[in-house]
Amino acid sequence: MYQSEKLKTRRKELKLTQKEIAEQLGISFQAYSAWERGIKEPSKKMVAQLENILKVPKGYFTEIELVRLYNTLSSQGQEKVVVYARNLLQEEQVKKVSFIPEKLYEYHVYERMSAGIGASIYGDQNFDTVYFNEELAHDFASWVSGDSMEPKYQNGSVALIRETGFDYDGAVYAVVCNNQTYIKRVYREVDGLRLVSINPKYKDVFISYEEDPRIVGIIVGNFVPMEG
């Protein structure tokens with residue numbers, strides 16, 4: 001069983017970026033990011049390369065931690081684990097109660113909008129299927145990449161967009177310019193658009209009207225996907 005969270009944790013332990021690992025693997029940043037978010041799984045060949053790059057033992061990203069530890073124990077230790085697990089299972093079965101599964105709604109996330117410096121994949125017709133427990137009105141959905149719009153728009157969350165023109169200064173829009181896409185607060189100025197991040201560590205971005213920036217739509221909501 002592939003474990004995306006362990007991949008993300010180990011990368012951060014080594015202070016590597018997603019882009020750095022993607023370059024070593026010879027794949028796109030988007031493909032690698034999907035592994036960490038658990039939307040897609042790497043092939044066995046790619047898992048082996050990840051183990052080498054991130055300096056972990058074989059099976060580190062695919063074996064459940066308990067199994068890995070169990071295999072390192074003596075016969076007596078393994079027997080104790082089995083006895084404990086059986087007792088724990090019996091306790092949980094006694095406490096087990098029935099529940100009604102939560103209804104989840106399906107969303108098609110077509111493209112990754114950048115909440116950082118921009119990402120040139122606007123118009124990509126491939127999409128990821130994700131789920132959320134509310135049905136929210138929108139025209140299309142996009143991934144948020146980067147932390148410039150945190151804490152409101154988290155890295156890895158889904159932004160819901162309504163296709164429209166400019167509404168009012170300070171609203172959050174999806175903007176396309178020079179094959180790059182942005183999610184930013186937008187202010188119209190005499191000579192162009194000023195794009196402002198929520199995260200104060202990012203400077204404003206100014207795009208001249210001569211560069212032909214296009215406001216794709218206004219952000220009407222966002223959410224972190226739930227497991228379907």
Side-chain angles (χ1 to χ4, degrees), residues 1-12 17-19 21-23 25-50 61-64 99-164 172-176 179-184 214-228:
M1 179 184 294
Y2 166 68
Q3 299 173 73
S4 58
E5 193 59 38
K6 291 183 71 174
L7 176 61
K8 180 179 180 180
T9 299
R10 181 57 179 165
R11 173 182 61 79
K12 289 188 173 182
T17 65
Q18 293 183 348
K19 183 179 180 181
I21 296 179
E23 288 177 348
L25 292 171
I27 62 175
S28 68
F29 161 80
Q30 290 81 12
Y32 175 81
S33 179
W35 296 348
E36 284 200 1
R37 290 185 285 109
I39 292 176
K40 297 181 180 179
E41 295 186 6
S43 64
K44 291 182 179 179
K45 179 180 178 181
M46 285 298 183
V47 168
Q49 292 186 47
L50 285 169
F61 299 120
T62 53
E63 287 185 356
I64 297 175
F99 66 95
I100 300 174
E102 184 176 26
K103 182 175 181 179
L104 296 178
Y105 297 90
E106 183 176 291
Y107 291 80
H108 289 174
V109 187
Y110 281 90
E111 58 188 275
R112 178 181 301 279
M113 307 294 288
S114 175
I117 60 172
S120 58
I121 65 166
Y122 178 73
D124 184 2
Q125 294 304 305
N126 296 320
F127 63 82
D128 295 316
T129 299
V130 301
Y131 301 89
F132 192 55
N133 60 359
E134 290 184 55
E135 189 172 22
L136 304 172
H138 66 292
D139 292 321
F140 64 94
S142 298
W143 289 112
V144 174
S145 176
D147 64 351
S148 75
M149 295 300 282
E150 291 187 352
K152 185 171 183 179
Y153 301 92
Q154 297 180 36
N155 181 30
S157 65
V158 173
L160 301 176
I161 302 166
R162 178 166 55 85
E163 292 185 279
T164 180
V172 179
Y173 298 91
V175 179
V176 175
N179 294 320
Q180 293 186 336
T181 57
Y182 302 86
I183 287 180
K184 300 283 187 183
R214 184 166 70 89
I215 295 176
V216 178
I218 191 169
I219 309 302
V220 293
N222 74 300
F223 64 85
V224 176
M226 303 175 69
E227 291 188 11

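We number each residue from 1, following the sequence as shown. In this text, all values refer to a predicted model and were calculated from it rather than measured experimentally.
- Within the 4.5 Å cutoff, no side-chain heavy atoms of V172 are placed close to those of I218.
- Of all heavy-atom pairs spanning V176 and T181, the tightest one is CG2-CG2, 3.6 Å.
- Taking all atoms of both residues into account, the shortest heavy-atom contact from Q18 to F29 is OE1-CE1, 2.9 Å.
- Every residue meeting the side chain to side chain contact (heavy atoms under 4.5 Å, CB included) condition with Q49, not counting sequence neighbours, appears here in chain and number order: L25, K45, M46.
- Partners of F223 under the ring pair (Phe, Tyr, Trp, His ring centres under 6.0 Å) rule, at least two apart in sequence or in another chain, are Y107, F132.
- Pairing each heavy atom of P225 with each of V130, the nearest pair is CB-CB, 3.9 Å.
- Looking at heavy atoms from C-beta onward, R162 lies out of side-chain contact with I219 at the 4.5 angstrom threshold.
- Contact detail for N155 and V144: the closest heavy-atom pair is OD1-O, 3.5 Å.
- Formation of a donor-acceptor pair under 3.5 Å by the N222 side chain with backbone atoms of A159 is not found in this model.
- Nearest heavy atom pair, residue S4 against residue W35, reads CB-O, 3.1 Å.
- The shortest non-hydrogen separation linking I161 to S142 is CD1-OG, 3.8 Å.
- Q154 is linked by a side chain to side chain contact (heavy atoms under 4.5 Å, CB included) to E150, S157, V224, counting only residues two or more places apart in sequence or in another chain.
- Here the side chains of V158 and Y153 are not in contact, with every heavy-atom distance at 4.5 Å or above.
- Rounded to the nearest 0.5 angstrom, Q30 CD and I39 CD1 are separated by 12.0 Å.
- Under the 3.5 Å distance criterion, the side-chain polar atoms of D139 are matched with a main-chain donor or acceptor of E163.
- Between R11 and E36 the shortest side-chain heavy-atom distance falls below 4.5 Å.
- Within the model, atoms CD1 of I27 and OH of Y32 stand 8.5 Å from one another, a figure rounded to the nearest 0.5 Å.
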